[in-house]
Number of protein chains: 2
Amino acid sequence: MQDAALALPPPSPAPSPVRAALADADFAPVLDSAPAPDLEELVRQLPLLRRRLKPRQYLFRAGQPRHALYLIHAGFFKTSVGSADGREKITGFRMRGDLLGIDALDMPTHACDAIALDVGEVWELPVGRMQALLPDFQQRLTALLAGEIRRDWGWMLALGTLSADQRVIAFLLDFAARLERMGFSARCLLLRMTRAELGNFLALQLETVTRALSRLQARGLIEVARREIRIADAAGLRAAMAGDQ
Amino acid sequence: MQDAALALPPPSPAPSPVRAALADADFAPVLDSAPAPDLEELVRQLPLLRRRLKPRQYLFRAGQPRHALYLIHAGFFKTSVGSADGREKITGFRMRGDLLGIDALDMPTHACDAIALDVGEVWELPVGRMQALLPDFQQRLTALLAGEIRRDWGWMLALGTLSADQRVIAFLLDFAARLERMGFSARCLLLRMTRAELGNFLALQLETVTRALSRLQARGLIEVARREIRIADAAGLRAAMAGDQ
DNA sequence: CGCAATGTTGAGAGGCCTCAATCAATGTGG
DNA sequence: CCACATTGATTGAGGCCTCTCAACATTGCG
């Protein structure tokens, strides 16, 4: 659901059984038969520790002891992994409703860095107590983990098969779809990350991101003003991502 | 643990708290305090359905109903995802001990294709019954899911920051490490996949893979004979991946 | 044995990277 | 309140790595 923008058309009436299984949206009707409420809705009453963060502040770092999971209540975050020789890769941009720290559920310490991109608030979920309070908490964790895997695979597919312009489009469409799910406008995006961070995530140099945005603007598909991006022609973007360069 | 080769040196005594948290090996001592037996060991007695596959045969395809999980008992497999417009990406090469299908645990249908690279045998694990039989089955699933996420992140980092030669080295070292864990030689690799499949996984063209292998051979680091690869200088490979080009 | 699939190597082109300069926005201190 | 430094974004020029297209060798199989 989160990456609906990545897997374009609906399941094709194609040769092999089914394709494009990455689009969780295809299965939404099935899953929604039991109207599952938000995790945030469920834990609203609980006396959770709430933590506020300033821009650029670390929520946690790889290697630090893992005390709990963190449900994002407000703000935007990035998660990243690093290698010993200094290389670094942003693994995702996270927003309200996302759960941070699940990737290290089986470890005593965190496996990635989590950094606030602006002011943010997270709710601390103690895993042990949660399982007692919410009977299906483990199920939810499993679903979130599996969903993260599919999301990662979707981006691996995108980064491995799309050109620079197409990757930027894929990001814009995905970001717009996620904002829309949160009730914001899907037309007017306010990027919370720098060009360098966007390039890191998309496996591009920051100059290439800038140039791609300029090209898309020149084609009349978007309007760029620093970190504010208006989507002028969503259909055109989708076509440009699937069709030609 | 599976990708020890990806995250090179041990945690650095560096500026920020800790780095290189991707190396599960760092945590092995902690986790091994409770000597966890293989999943295969645990289910050996159970009356599981065993399925044999021929080379190039699909175990399952994206979109097909998910009946169970599949524990690889013999052979090598690849998993891949596809987009509606025909792009495809191999998400991993799987071998004995790996569990196939967990990425769709929260869905009624599979989220990827699983294809045997040679003759193979899988054991069918019915999720529902497993949870009754093995009290910590859910825990194991969680660990496997989280491990897959970290593994994916490790490769996203590699593909996003390494050159063609370095990516090939990363693959060879990872493959060797996994074979060694299974009791095979870490010096003599028999690749089960074509150059095209390897290139797809590493986000390279097949010719680039061939050229990279040739260059590594010319530098005396490996010996290539079609799909048989002898690692002549493991330390040199590691240095070439971290250090220079 | 001949065909198909796979792997290797070469030549050329192109997309992205690297290096560099410029500009805008922000905030800091005198 | 403004000079100044800092950060981030944009654009240009040139080079290199990888891709593309092609030919050829090798292996395996019907």
Side-chain angles (χ1 to χ4, degrees), chain A residues 54-56 78 87 89-90 115 117-119 158-172 189-219 222-230 240-241 244-245, chain B residues 54-56 78 87 89-90 115 117-119 158-172 189-219 222-230 240-241 244-245:
Chain A
K54 290 173 295 193
R56 299 288 137 187
K78 67 172 177 179
R87 291 174 292 119
K89 178 75 163 59
I90 293 173
I115 301 149
L117 292 178
D118 53 8
V119 286
L159 303 192
T161 59
L162 298 181
S163 70
D165 286 22
Q166 288 174 311
R167 291 183 214 179
V168 171
I169 295 176
F171 171 81
L172 292 176
L189 312 182
L190 178 56
L191 303 187
R192 303 321 219 276
M193 69 292 298
T194 67
R195 298 286 191 266
E197 288 168 328
L198 196 41
N200 181 294
F201 178 67
L202 295 176
L204 298 170
Q205 293 306 110
L206 68 94
E207 297 95 330
T208 305
V209 174
T210 289
R211 274 186 253 268
L213 288 172
S214 298
R215 279 190 293 264
L216 296 179
Q217 185 172 34
R219 292 164 67 180
I222 61 175
E223 291 169 29
V224 184
R226 260 179 103 66
R227 294 200 187 170
E228 292 165 36
I229 295 188
R230 281 206 350 101
M241 190 175 114
D244 67 324
Q245 61 134 351
Chain B
K54 290 173 296 195
R56 298 288 137 189
K78 68 171 177 180
R87 292 173 291 121
K89 178 74 162 58
I90 294 173
I115 300 149
L117 293 179
D118 51 11
V119 286
L159 303 191
T161 59
L162 297 182
S163 70
D165 287 21
Q166 289 175 310
R167 290 183 214 181
V168 172
I169 295 176
F171 171 81
L172 292 176
L189 312 182
L190 178 57
L191 303 187
R192 304 320 219 277
M193 68 293 296
T194 67
R195 298 287 191 266
E197 289 169 327
L198 196 41
N200 181 293
F201 178 66
L202 295 176
L204 297 171
Q205 294 306 111
L206 68 93
E207 299 94 330
T208 306
V209 174
T210 287
R211 274 186 252 269
L213 288 172
S214 299
R215 279 190 292 264
L216 297 179
Q217 185 173 33
R219 291 164 68 179
I222 62 176
E223 291 168 29
V224 184
R226 259 180 107 67
R227 294 200 187 172
E228 292 164 38
I229 294 187
R230 280 204 353 97
M241 190 176 114
D244 67 324
Q245 63 132 356

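Lettering follows sequence order; numbering is per chain, from 1.
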- Between B/V168 and B/L204, what is the shortest heavy-atom contact and its length?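 Shortest heavy-atom contact: CG2-CD1, 4.4 Å.
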
- Query: Which heavy atom in B/R219 sits nearest to a heavy atom in B/A240, and how many Å separate them?
  - Reply: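 The pair with the smallest heavy-atom distance is NH2-CB, 3.5 Å.
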
- Message: Out of the candidates B/R56, B/K89, B/R227, B/R192, only one should pair with B/E197 under the salt bridge (Lys or Arg N to Asp or Glu O under 4.0 Å) rule; please name it.
- Response: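 Result: among B/R56, B/K89, B/R227, B/R192, B/R56 is the only option passing the salt bridge (Lys or Arg N to Asp or Glu O under 4.0 Å) with B/E197.
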
Take the protein atom [atom1] of [X] and the nucleotide atom [atom2] of [N], then report the distance between them rounded to whole Å.
| X | N | atom1 | atom2 | result |
| --- | --- | --- | --- | --- |
| A/R215 | D/dT11 | CZ | P | 11 Å |
| B/L213 | D/dT18 | CG | P | 14 Å |
| A/L117 | D/dG8 | CG | P | 12 Å |
| B/R195 | D/dT26 | CZ | P | 15 Å |
| B/L198 | C/dT6 | CG | P | 14 Å |
| B/L206 | D/dA22 | CG | P | 15 Å |
| A/L159 | C/dG15 | CG | C1' | 16 Å |
| B/D118 | D/dG28 | CG | P | 15 Å |

Heavy atoms under 4.0 Å, any strand shown: does [X] hit a base, just sugar-phosphate, or nothing?
| X | answer |
| --- | --- |
| B/L204 | sugar-phosphate |
| A/T210 | base |
| A/V209 | nothing |

- Task: List the steps and the verdict of side-chain hydrogen bond (donor to acceptor under 3.5 Å, both in side chains) for A/S214 and A/Q217.
- Result: CA-CA 5 Å; A/S214 298; A/Q217 185 172 34; 5.4 Å; no

- Task: Could you tell me whether the side chain of A/R167 and the main chain of A/L162 form a donor-acceptor pair under 3.5 Å?
- Result: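 Present.
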
- In B/S/- notation, 5' to 3', how is nucleotides 18-26 of chain C contacted by protein heavy atoms closer than 4.0 Å? BBB----S-

- Does any non-hydrogen side-chain atom of A/R215 lie less than 4.5 Å from one of A/D165?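 Answer yes - side chains close enough.
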
- Message: Let's see if you can work this out: which of C/dG7, D/dT10, D/dA9 has an atom nearest to the side-chain heavy atoms of A/R227?
- Response: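 Selected nucleotide (nearest to the side chain): D/dA9.
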
- For side-chain hydrogen bond (donor to acceptor under 3.5 Å, both in side chains), just list the numbers for B/Q205 and B/T208, CA-CA rounded to whole Å, side-chain angles, deciding distance to a tenth of an Å, and then say yes or no. CA-CA 5 Å; B/Q205 294 306 111; B/T208 306; over 6 Å; no

- Nearest-nucleotide comparison on DNA chain C, the residue closer to the 5′ end among B/S214 and B/R56: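 Here B/R56 is the residue nearer the 5' end.
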
